[in-house]
Amino acid sequence: YYAGPKKRGNAFTTVQGYLRDEQVLLPLIYPVTGRIPAPPFDYEGVMRAFYDASAERIADHLAAGRDVVTLCEGDPFFYGSFMYLHDRLAERFRAEVVPGVCSVVASASALATPLVYRDQSLLVLAGTLPEDELSRRLANVEAAAIMKLGSNFEKVRRVLSRLGLVERALYVERATMPGECIRPLVEIDPGSVPYFSMVLLPGEPWQGA
């Protein structure tokens with residue numbers, strides 16, 4: 001299971017009560033969480049080395065004939081950290097992937113709002129994108145989900161305000177989890193925005209039905 005330093009992570013704590021004493025725990029501790037250090041820090045290189053080392057730790061167990069389960073939140077193949085292990089191991093070992101409910105759909109459910117109607121397109125964006133790139137992509141969007149907020153929230157809110165989308169935007173924290181919270185975008189303190197948060201821009205309702 002993935003976790004931050006000195007933490008066990010939501011995926012682990014969700015299933016902790018179902019684990020057995022004879023099962024081996026293999027924590028994969030992220031080397032970087034939160035705000036990425038400024039250059040010359042090589043974030044891509046550090047994370048690549050982390051996933052390489054994590055995959056080899058798992059490979060040792062698989063080569064010994066053990067089953068390994070990687071705990072995931074949401075769907076493993078939708079912005080999931082599991083993907084980086086799968087890319088490194090799937091050609092060497094048989095893998096079974098159990099689909100989950102991705103965060104975009106979970107957030108729409110928590111907000112009780114349809115995402116897209118009929119032939120509308122949904123754009124999924126990472127809040128980590130540069131401000132001008134976010135503005136360009138959102139300028140004529142039909143519907144959108146903006147993920148990876150956290151320290152990027154104030155930048156995202158500036159873009160939405162500049163494009164006149166603040167009133168349309170919906171915000172949710174920890175959708176479907178304990179502590180779920182829905183708040184108006186204008187009331188949010190940027191310093192309080194957690195990693196598990198999202199902004200949705202639902203498609204305009206179809207009037208034909």
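Predicted model, so just to flag it, every value in this text is computed and none were measured.
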| request: Let me see the working for V156 and L125 under side chain to side chain contact (heavy atoms under 4.5 Å, CB included), right down to the final yes or no. | output: CA-CA 11 Å; V156 170; L125 293 172; over 6 Å; no
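Within the 4.5 Å cutoff, side-chain heavy atoms of L71 are placed close to those of V69. Residues P76 and M83 form no side-chain contact, since every pair of their non-hydrogen atoms from C-beta on lies 4.5 Å or further apart. Contact check for D189 versus F153: no side-chain heavy atoms found under the 4.5 Å cut-off. Residues L201 and L138 meet the side-chain proximity criterion, which asks for heavy atoms closer than 4.5 Å.
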Give every donor-acceptor pair under 3.5 Å between a side-chain atom in residues 21-28 and any protein atom, sequence neighbours left out.
from: E22; atom 1: OE2; to: R20; atom 2: NE; distance (Å): 2.7
from: Q23; atom 1: OE1; to: R20; atom 2: N; distance (Å): 2.8

Could you pull out all donor-acceptor pairs under 3.5 Å where a side-chain atom in residues 91-107 meets a protein atom, sequence neighbours excluded?
from: R92; atom 1: NH1; to: E56; atom 2: OE2; distance (Å): 3.0
from: S107; atom 1: OG; to: S103; atom 2: O; distance (Å): 2.9

N/O donor to acceptor pairs below 3.5 angstrom from side-chain atoms of residues 108-123, sequence neighbours left out:
from: Q120; atom 1: OE1; to: Y117; atom 2: N; distance (Å): 2.8
from: Q120; atom 1: NE2; to: E204; atom 2: O; distance (Å): 2.9

Taking only distance into account, with no hydrogens and no angle test, what donor-acceptor pairs under 3.5 Å do side-chain atoms of residues 172-181 form with protein atoms, sequence neighbours excluded?
from: E173; atom 1: OE2; to: Y171; atom 2: OH; distance (Å): 2.8
from: E173; atom 1: OE2; to: R183; atom 2: NH2; distance (Å): 2.4
from: E180; atom 1: OE1; to: T176; atom 2: N; distance (Å): 2.7

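The ring pair (Phe, Tyr, Trp, His ring centres under 6.0 Å) test applied to Y84 returns Y51, not counting sequence neighbours. Under the side chain to side chain donor-acceptor pair (under 3.5 Å) criterion, Y1 pairs with no residue, sequence neighbours left out. Take Y30 and apply the ring pair (Phe, Tyr, Trp, His ring centres under 6.0 Å) test, not counting sequence neighbours, and it matches Y2, F50. For H86, the ring pair (Phe, Tyr, Trp, His ring centres under 6.0 Å) partners two or more places apart in sequence, or in a different chain, are F77, F82. By the side chain to side chain contact (heavy atoms under 4.5 Å, CB included) test, Q16 pairs with R8, F12, T13, sequence neighbours left out. Not counting sequence neighbours, the partners of R88 by the salt bridge (Lys or Arg N to Asp or Glu O under 4.0 Å) test are D52. Residues satisfying the side chain to side chain donor-acceptor pair (under 3.5 Å) criterion with R66, sequence neighbours excluded, are H61.
Note on M147 and F196: separate hydrophobic clusters, where clusters join Ile, Leu, Val, Met, Phe, Trp and Tyr whose side-chain heavy atoms are under 4.5 Å apart, directly or indirectly. Residue L85 is grouped with residue V46 when hydrophobic side chains (ILVMFWY) are merged at heavy-atom distances under 4.5 angstrom, including chains of intermediate members. Grouping the Ile, Leu, Val, Met, Phe, Trp and Tyr side chains by contacts below 4.5 angstrom, directly or via other members, places L200 apart from I188.
Closest approach of V199 and A169 over heavy atoms only: CG1-CB, 3.9 Å. The minimum heavy-atom distance between P37 and V32, with the atom names listed, is CD-CG1, 4.0 Å. Pairing each heavy atom of L163 with each of A139, the nearest pair is CD1-N, 4.1 Å. Minimum interatomic distance between M198 and A145 (heavy atoms only, all atoms of both residues): SD-CB, 4.2 Å.
Within the structure, salt bridge (Lys or Arg N to Asp or Glu O under 4.0 Å) contacts touching residues 142-156 (residues at least two apart or in different chains) are E154-R157.
To the nearest 0.5 Å, atoms OG1 (T128) and CG (L149) are separated by 10.0 Å. Taking CZ from R168 and CG from L185, the interatomic distance works out to 13.0 Å, rounded to the nearest 0.5 Å. The distance from atom CG of L129 to atom CG of L134, rounded to the nearest 0.5 Å, is 5.0 Å. If you take CD on E187 and OG on S192, they are separated by 11.5 Å, rounding to the nearest 0.5 Å. The line from CD1 of I29 to NZ of K7 is 11.0 Å long, rounded to the nearest 0.5 Å.
More than 12 heavy atoms of other residues, nucleotides or ligands shown are found within 6.0 angstrom of CG on D132.
Partner of E131 under the salt bridge (charged side-chain N to carboxylate O under 4.0 Å, His left out) criterion, chosen from R162, R136, R137: R162.
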